[in-house]
Each structure stands twice: as C-alpha cells, then as structure tokens.
Amino acid sequence: MKYWLLKTEPNVWSWQDNYKSKLHTAEWDGVRNYQARNNLKKMKKNDLCFFYHTGDEKKIIGTCKVVKEYFLDKSDKDKKFVSVMIKNEKKFLQPVTLNSIKQNPFFKDFILLKQSRLSVLNVDIKYWKKICKMSNIYQN
DNA sequence: GCCAACGTTGGC
DNA sequence: GCCAACGTTGGC
C-alpha cells in the first residue's frame, strides 16, 4: 500500500466537486507533467491520497482512495497522459496547512516542500501518519 | 502581481 | 544534443 498527494486548484476542481460526484468518485484528469503521470501510473487500487488545495488555500483537505488504476486521459488528444479514479474518504476536521508543514522540521525532506510544482507525489508513510495526527481525524 | 523553479520548444 | 527563449506552476 502506498500513499500519495494530489494537488488541485480548488477553483478548477475541489474536494467539494469531487464529493458531489456520483458515489463521491471522479476522474483525476488533466495532468500534463511526466513525473506526475509516472506517479499516477504507480498508483494501485486502494492506495490512499491526500487531497490538497493550492492557490489561496494551500492546505490538505482530506483523504481519498484510488478506486480505479490508470487509464488514458480522454482530454489528452495525444494520448500520452493518464487519469485515475478517486473517491473521497475522510474530510479532515482540521485541514493541515502548507505553512504548518513548513514550520515543522520533521517535514524538511518532504517532497511537497522540495518540488513545489509537482502535482502528484508519493508520500512517505511517516509523513502520512504525522499529517493524519495533525488533522485530528485519527486517534493514534 | 511577482518571480523562482521547472518544463518545453525550436534554431543551430 | 545544446541551450536560449519562452511558458507554466504555485508559493509568496
């Protein structure tokens, strides 16, 4: 089981938009960066992802689950990029802000901070657990 | 709105 | 294949 982080500009596609979709499930499309695409291709069914809002928000809103592994992104005419299907899981009681992550030295090697332009990235389990604690969703 | 950090494109 | 010029992302 792997953990990921998916970035989106909430004006374009938000947590709420995804939640309003049938079965809270929607296609994660529009990725046009090869490194991000390669990460999409590594995602397995039931892997979990953080749902991150960029722009004015810059915070992790909640978690979602990969319910369908990668397939061709129909919005890409050149057929080079792929999508996955994701389903909303848990909305954080307390969204975890980029700022709070940056403040904590624990996260100094987190890819989120090192490659600010990468929109689909792997999350080490130690960061996953720590962020879940900060969100007040999970007890441990 | 600016700009750093990347990515991409196209001339050579 | 190099790299200058240009385009994009996303944090500030």
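Below, read A as the first sequence line, B as the second, and so on, with proteins coming before strands; counting in each chain starts at 1.
If you take CG of A/Leu6 and P of C/dG10, they are 12 Å apart, rounded to a whole angstrom. Atom CG in A/Leu113 sits roughly 14 Å away from atom P in B/dA5 (whole-Å rounding). Per the geometry, NZ belonging to A/Lys114 stands 20 Å off C1' belonging to C/dT9, to the nearest Å. Residue A/Phe81 contributes atom CZ, which lies 12 Å from atom P of B/dG7 at whole-angstrom precision. Computed from coordinates, the A/His53 NE2 to C/dG11 C1' distance equals 17 Å when rounded to whole Å. Distance NZ (A/Lys58) to C1' (C/dT9): 12 Å, rounded to an integer number of Å. Remark: P of B/dT8 and CG of A/Asn33 are 6 Å apart, rounded to the nearest angstrom. Rounded to an integer number of Å, the gap from A/Lys80 NZ to B/dG7 P is 15 Å.
Side-chain proximity of A/Ser119 to C/dG10, C/dG11, B/dG7: nearest is C/dG10. Residue A/Tyr34 has its side chain nearest to B/dT8 when only C/dG10, B/dG7, B/dT8 are considered.
Here A/Gln115 does not reach the OP1 or OP2 of C/dT9: none of its side-chain N or O atoms lies under 4.0 Å away. Phosphate proximity of C/dG11 to A/Tyr52: present, with a side-chain N or O under 4.0 Å from OP1 or OP2.
Taking the six-membered ring where tryptophan is involved, the planes of A/Phe51 and A/Trp28 are perpendicular, since the angle between them exceeds 60° and thus also 30°. Taking the six-membered ring where the residue is Trp, A/Phe106 and A/Tyr127 present perpendicular rings, their angle passing 60° and hence far from 30°.
When each of A/Phe110, A/Trp15, A/Trp128 is paired with A/Phe50, the ring pair (Phe, Tyr, Trp, His ring centres under 6.0 Å) condition holds for A/Trp128 and for no other.
Using a 4.0 Å heavy-atom cutoff across all strands shown, A/Gln35 reaches sugar-phosphate atoms only and no base atom. At the heavy-atom level, A/Leu118 lies nowhere under 4.0 Å from the strands shown.
With salt bridges taken as basic N to acidic carboxylate O contacts below 4.0 Å, one links A/Asp109 and A/Lys114.
Listed for the A/Arg37 side chain is a donor-acceptor partner under 3.5 Å among the backbone atoms of A/Lys80.
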